[in-house]
Amino acid sequence: LLRRDYPKIKLILVKNSLDALKAVKFGKADATLSKEAVFDYLVKRNMISGLKVSNEVILGGSKTDLLRIGVRKDWPVFQTILNKAIKKVTIQEKNKLRIKWLKTIRKQKKLVNMKNKESQSIWFSVLLIVLLVIFIIIITVITQKLLKKWSNKIESISLLRLKNLKIIILSLFMTFVIVMAYYALSRIKNNFQLRMKNYLQSILKTTNEGLHIWLDHNLNQLVKDAENPQLIEAVEKQLKVRRNKKDLINSLALKKLREILVRWRVNVESVGFFIIAPDYISIGSRRNKNIGTTNLIYKHRPELLKKVFKGQPQFIPPVFSDFKIKKTDKKNPPSMFYAVPIKNKNGKIIAVLTMREVPMENFNRLCQMGKIRNSGETYAFDRNGRLISSSRFENNLKKIGLIKKDQTSILNIELRNPGFNMTKGKKGSIPRNLLPFTLMAQRATKNMNGVNTKGYLDYRGVKVYGAWLW
């Protein structure tokens, strides 16, 4: 159909729909065609980001675009049963099913509803202004006629009284105009705030869901890795080695662990691992420097590591690394971890397995899914009000002196309110660490989810609208 209807398009043949999406993501193709349900499923299942539905294409007429159910050729009776059942489904029921299962249609419906409400609000405001103008004209004409009539019939009314009467009438008229204008502006403002609230909450929800899907996928995969008998056997042997740095490094068990984990994780964006003993000592690592020392995670996030030893897989938010990941790094960059328990054959937790990643990669990209035009951003922060994902304004933060040129905003920016707009070059006298948290950070770190459409100052002192959750 594509060759027939669009002969000028250069086609790149791939094995399946997933390969087609990957070709677009990595720049090998400009676009691909996919069913909405297939696209939505593959994007969620494979944690694909950076793609969006741009338009609807109908090939070969309206019947070609219908969703279908595949049946084996040797099951003709089942095919007949399905066809009979499908014929009994009403159009209304089909539309409900489409809205429920096809993400794009749901979004389009919401978008249409929002646009309709916005259009209705605009037309109401225009109608109100037109009626106000008509009313002004009518009042003006009536006033002039009355004044002429009174001036002809009542000659005894002094000029001063006539002026006073005009002032009273004009005052009443102006009061009415001000009240009507205030009502119209208040209505427009309330409608804007309501639309902004829904918009911000929708972006926040989408970003949060994307992060949780990705994190759950990675943790579940690591849980499966920790259940491998080869890994468990090697860990048990390493636990028996004397807690001497040299002995731990030279043990055959550590060599086996490195072989296993490097082989398993060759296609994963991991930059290292830890095997942590119950006394929080690193008995296994990709680097010799960490072996035999108190684990990095225990130093920064002991409460989370203790949860893992109780059997709860955990995502460890970014902490400062204990080494330079890249040769070009001037300082130790942030690292984040996935941590899961390792259990022996009897189900007893004997150690913890962690995988290290750089937050500037997938985590940061997912956190910034909610970028809105030139000024909007979404970011993650910890209980101390520190950014654990990058600010989209990093270059600007370096210019105004909030971070150094060789720093990232991750773990180096606290969400504090300077009280003025720092982007205009103004500098305050109060030390940054003594400033109050922003309105959003104050409430979020107290487990208070919310949204603000009246405006508050962010960590740069710029007035913003925001939605947050903890």
Side-chain angles (χ1 to χ4, degrees), residues 215-326 332 334-359 361:
L215 293 174
D216 289 344
H217 172 78
N218 288 342
L219 282 172
N220 290 335
Q221 184 60 50
L222 195 58
V223 168
K224 292 179 182 178
D225 293 345
E227 293 171 349
N228 186 283
Q230 290 181 330
L231 177 77
I232 295 170
E233 182 182 358
V235 170
E236 288 177 327
K237 289 180 179 179
Q238 186 69 356
L239 283 167
K240 295 177 182 178
V241 177
R242 270 195 318 168
R243 294 301 168 82
N244 175 283
K245 189 178 183 75
K246 185 177 180 180
D247 291 344
L248 288 169
I249 291 172
N250 294 325
S251 72
L252 294 175
L254 177 60
K255 183 179 179 182
K256 184 64 176 178
L257 283 169
R258 286 173 173 173
E259 287 177 0
I260 292 171
L261 291 170
V262 170
R263 184 173 71 247
W264 287 352
R265 293 279 160 174
V266 68
N267 293 321
V268 179
E269 294 178 356
S270 172
V271 292
F273 71 90
F274 283 128
I275 302 294
I276 308 169
D279 57 358
Y280 309 116
I281 299 298
S282 299
I283 61 171
S285 175
R286 188 172 172 179
R287 298 165 185 84
N288 290 338
K289 180 182 177 181
N290 302 316
I291 303 293
T293 63
T294 302
N295 186 259
L296 175 71
I297 299 172
Y298 183 72
K299 291 178 181 178
H300 293 279
R301 305 278 184 175
E303 73 286 356
L304 295 180
L305 191 55
K306 288 178 181 178
K307 286 184 179 181
V308 185
F309 273 103
K310 291 180 180 179
Q312 305 172 30
Q314 293 289 317
F315 164 67
I316 313 297
V319 297
F320 283 114
S321 299
D322 48 354
F323 68 97
K324 295 178 177 63
I325 295 175
K326 297 178 182 178
N332 294 353
S335 288
M336 50 181 257
F337 300 85
Y338 309 101
V340 299
I342 301 173
K343 300 177 182 179
N344 61 16
K345 293 180 181 179
N346 299 322
K348 181 182 177 182
I349 296 173
I350 58 174
V352 164
L353 168 64
T354 75
M355 281 293 169
R356 183 197 300 252
E357 281 193 18
V358 179
E361 303 295 335

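Just so you know, these numbers use all the heavy atoms, side chains as well, and skip hydrogens, waters and symmetry mates. Bear in mind the structure is a predicted one, so any value in this text is a computation, not a measurement.
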What closest approach, in Å, do [X] and [Y] show between heavy atoms, and which atom pair accounts for it?
| X | Y | result |
| --- | --- | --- |
| Arg243 | Leu248 | CA-CD1, 4.3 Å |
| Ser251 | Val241 | CB-CG2, 3.9 Å |
| Ala253 | Ala234 | CB-O, 3.6 Å |
| Gly272 | Arg287 | CA-NH1, 4.0 Å |
| Gly284 | Leu254 | CA-CD1, 3.7 Å |

Should Glu233 and Lys237 count as an ion pair when the cut-off is N to O under 4.0 Å?
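Result for this pair is yes, salt bridge flagged.
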Atom pair [atom1] ([X]) and [atom2] ([Y]), whose distance is rounded to the nearest 0.5 Å:
| X | Y | atom1 | atom2 | answer |
| --- | --- | --- | --- | --- |
| Gln230 | Asn228 | CD | CG | 5.0 Å |
| Glu236 | Leu231 | CD | CG | 10.0 Å |
| Phe273 | Leu222 | CZ | CG | 11.5 Å |
| Met355 | Phe337 | CE | CZ | 11.5 Å |
| Ile281 | Lys245 | CD1 | NZ | 10.5 Å |

For residues [X] and [Y], determine if any side-chain heavy atom of one lies less than 4.5 Å from a side-chain heavy atom of the other.
| X | Y | answer |
| --- | --- | --- |
| Ile275 | Gln238 | no |
| Phe315 | Asn218 | no |
| Leu252 | Lys256 | no |
| Leu257 | Val235 | yes |

Pair up each side-chain donor or acceptor in residues 339-350 with any protein partner under 3.5 Å, not counting sequence neighbours, and list the distances.
| unit_1 | atom_1 | unit_2 | atom_2 | d |
| --- | --- | --- | --- | --- |
| Asn344 | OD1 | Asn346 | N | 3.0 |
| Asn344 | OD1 | Gly347 | N | 3.1 |
| Asn344 | OD1 | Lys348 | N | 2.9 |

Flag, side chain of Thr354 to backbone of Phe274, donor-acceptor distance under 3.5 Å:
yes
Show every donor-acceptor pair shorter than 3.5 Å between a side-chain atom in residues 288-309 and any protein atom, with sequence neighbours excluded, or say none if there are none.
| unit_1 | atom_1 | unit_2 | atom_2 | d |
| --- | --- | --- | --- | --- |
| Asn288 | OD1 | Arg258 | NH1 | 3.3 |
| Asn288 | OD1 | Arg258 | NH2 | 2.8 |
| Lys289 | NZ | Asp322 | O | 3.1 |
| Asn290 | ND2 | Ser285 | OG | 3.2 |
| Thr293 | OG1 | Asn290 | O | 2.6 |
| Asn295 | OD1 | Ile297 | N | 2.8 |
| Asn295 | ND2 | Ser282 | OG | 2.9 |

Run the side-chain contact (heavy atoms from CB on, under 4.5 Å) check on Tyr338 and Leu215 step by step: do they pass?
CA-CA 8 Å; Tyr338 309 101; Leu215 293 174; 3.8 Å; yes
